[in-house]
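Right, one structure below, let's go through it.
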Amino acid sequence: MHQQINSRQYFSIELLTWYERSKRDLPWRRSRNPYYIWVSEIMLQQTRVDTVIPYFERFIDRFPTIEALATAPEEDVLKCWEGLGYYSRARNLQTAAQQVVELHGGKVPDDTSAVAALKGVGPYTTGAIMSIAFNRPEPAVDGNVMRVLSRYFLIEEDIVKVGTRKLMEKLVVELIPDGRASDFNQALMELGALVCTPKSPSCLTCPVMAYCAGRIEGMEMQLPIKSKSKPPRPELRYVALVEGTGEHADKVLVRRRPDTGLLAKMWELPHVLTEQKNRNSNQKAAEIKANNKLSENNSSHLMLDALASPLDAELLTAGFPAKLQQHFMNIEHIFSHILWEMHVFKYVEIEQAEQVLVAVAEQQQTYDVNHLGDESLEYRWITQADMESLTFPNVFLKILNQYFNNHKSI
DNA sequence: CAACCGTGGAT
DNA sequence: TATCCAAGGTT
């Protein structure tokens, strides 16, 4: 009669009740097709729901089945992922689809070890697929879950540490009500996304506020404990927007990035990394000011050359001699760990290449060969229409669209 | 472990 | 403007 209310049972029951009432209508929740669940979970890695939705719809439309994805050209898959970021997810997903076709008859296996063995599927995604698609009582601990649990149970472990995630996984397994793994795991994440948010959580509308230890102790704003990450390192890069002439009229020179590393296999504008030691804000401001001034006055070719000459050398070395015309734009792009400060210069292709070949040798002596570009990269002249079949990272899309839509005729 | 791997929204 | 960080995984 006076049996003590179990804080854990209360949590699970109230959370499930709330979820039934409050869950969002999301495209991947309209079925239990394991393939749909899988695709959505890969896309949702480090990516917001609102961003994913249109990509998910397009992707399923374009690759309706695992078989279709497995047999599609890799470029098509990458193109479908254009703008979403973390592009290795797309290539891993297709590789995993091929795994599923070869090893599991084209169906996502209802087997934790087999799912965990798929490319691009880690501990979280394994649990998400097993629980959401197959209702197996596996933990799916992501950032939302760690935030919710760290607050409700007042866990002060650093959520960046792997051990903390494993601790939470054990806890989740104990919390999952019998036969309710799918809804419970989604409810946990849904609460983190809608109520128990990182900043200013909506505790007053939270279904489990009454026994939330973090809230009771007034610690909800301090939790979860998370060590800070390093700021991205700045890199100054000079970018060439080379306008074709003659048979390359109305075209721009692009190249494809190497098969591995940052933005692997994607297309880009030619560019070079420049040395920038001890660049303080004053130097930076002065340089930008100089560039802006030059863009208004094309007669100062000496200074333009001084600024962009490593880029001239890069183009020469690649076999595309071009004449610097004007400063085009500056743009800043932040990756997870790198900050690209890009100075874009417009060039015009020099048709009489023979006349310039002599200069190549001189240029190569002027600049350290090690700093010149990879000569094995594939270069191509493209029109704006060609962009539909090539995949560009967003930073270069912005520059190219600016050029083709606003400045091409200048 | 810690570094690498994109992008954009929110505050 | 600066910082965080979102349904993480791989090396």
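Protein chains get the first letters and strands the later ones, always in sequence-line order, with residue 1 at the start of each. As the structure is a computational prediction, the values presented were derived from the model and not from experiment.
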Using a 3.5 Å cut-off and no angle test, enumerate the donor-acceptor pairs between side-chain atoms of residues 52-64 of chain A and protein atoms at least two apart in sequence or in another chain.
{"residue": "A/Tyr55", "atom": "OH", "partner": "A/Glu82", "partner atom": "O", "Å": "2.7"}
{"residue": "A/Arg62", "atom": "NH2", "partner": "A/Asp76", "partner atom": "OD2", "Å": "2.8"}

- prompt: When the C1' atoms of C/dA2 and B/dC5 are considered, how many whole Å apart are they?
  reply: 22 Å
- prompt: Contact class for A/Ser40 vs. all strands (heavy atom < 4.0 Å): base, sugar-phosphate, or nothing?
  reply: nothing
task: Indicate, with yes or no, if the rings of A/Phe396 and A/His271 have centres closer together than 6.0 Å.
output: yes
message: What contact category does A/Arg165 fall into here, base, sugar-phosphate, or nothing, at under 4.0 angstrom with non-hydrogen atoms?
response: nothing
statement: Taking for A/Asp142 and for A/Lys119 the nucleotide of DNA chain C with the nearest heavy atom, the one nearer the 5' end belongs to A/Asp142
field: Reported CD-to-CD distance for the pair A/Gln94 and A/Glu74, which is rounded to 0.5 angstrom
entry: 6.0 Å
Expected list for residues 97-117 of chain A: side-chain donor-acceptor pairs under 3.5 angstrom, two or more places apart:
{"residue": "A/Gln98", "atom": "NE2", "partner": "A/Ala70", "partner atom": "O", "Å": "3.0"}
{"residue": "A/Gln99", "atom": "OE1", "partner": "A/Lys119", "partner atom": "N", "Å": "3.0"}
{"residue": "A/Gln99", "atom": "NE2", "partner": "A/Ala117", "partner atom": "O", "Å": "3.4"}
{"residue": "A/Asp110", "atom": "OD1", "partner": "A/Arg136", "partner atom": "NE", "Å": "3.0"}
{"residue": "A/Asp110", "atom": "OD2", "partner": "A/Arg136", "partner atom": "NE", "Å": "3.4"}
{"residue": "A/Asp110", "atom": "OD2", "partner": "A/Arg136", "partner atom": "NH2", "Å": "2.6"}
{"residue": "A/Asp111", "atom": "OD1", "partner": "A/Ser113", "partner atom": "N", "Å": "3.0"}
{"residue": "A/Asp111", "atom": "OD1", "partner": "A/Ala114", "partner atom": "N", "Å": "2.9"}
{"residue": "A/Thr112", "atom": "OG1", "partner": "A/Glu138", "partner atom": "OE2", "Å": "3.2"}

Side chains of residues 169-176 of chain A: which donor-acceptor partners sit under 3.5 Å, not counting sequence neighbours?
{"residue": "A/Glu169", "atom": "OE2", "partner": "A/Arg165", "partner atom": "NE", "Å": "3.0"}
{"residue": "A/Glu174", "atom": "OE1", "partner": "A/Arg8", "partner atom": "NH1", "Å": "2.5"}

- prompt: Under 4.0 angstrom, heavy atoms only, what part of the nucleic acid is A/Arg24 near: base, sugar-phosphate, or nothing?
  reply: base
- request: Would you please say whether a donor-acceptor pair under 3.5 Å links the side chains of A/Tyr403 and A/Glu243?
  value: yes
Note: A/Arg233-A/Glu235 ion pair, threshold 4.0 Å (strictly below): yes
Nucleotide range of DNA chain C lying under 4.0 Å from chain A heavy atoms: C/dC4 to C/dT10
- request: Run the ring-centre check on A/Phe335 versus A/His337 and record whether the distance is less than 6.0 Å.
  value: no
message: Please classify the nucleic acid contact of A/Val121 as base, sugar-phosphate, or nothing, using heavy-atom distances under 4.0 Å.
response: sugar-phosphate
- prompt: If the C1' atom of C/dT11 is compared with that of B/dC1, how far apart are they to the nearest Å?
  reply: 11 Å
field: Sugar-phosphate, base or nothing in reach of A/Ala193, heavy atoms under 4.0 Å
entry: sugar-phosphate
query: If you look at every strand shown and take non-hydrogen atoms under 4.0 Å, does A/Leu26 touch a base, only sugar-phosphate, or nothing?
result: base
- request: Select base, sugar-phosphate, or nothing to describe what A/Lys161 touches, counting heavy atoms under 4.0 Å on all strands.
  value: nothing
- prompt: Base, sugar-phosphate, or nothing for A/Trp28, non-hydrogen atoms under 4.0 angstrom?
  reply: base
task: Encode nucleotides 4-11 of chain B as B, S and - characters from 5' to 3', where the letter depends on protein heavy atoms closer than 4.0 Å: B to the base, S only to sugar-phosphate, - to neither.
output: SBBBBB--
Salt bridge (Lys or Arg N to Asp or Glu O under 4.0 Å) against A/Arg89, all qualifying residues, sequence neighbours excluded: none
task: With heavy atoms under 4.0 Å as the rule, sort A/Val162 into base, sugar-phosphate or nothing.
output: sugar-phosphate
field: Between C/dA7 and B/dC4 - P atom distance, rounded Å
entry: 25 Å
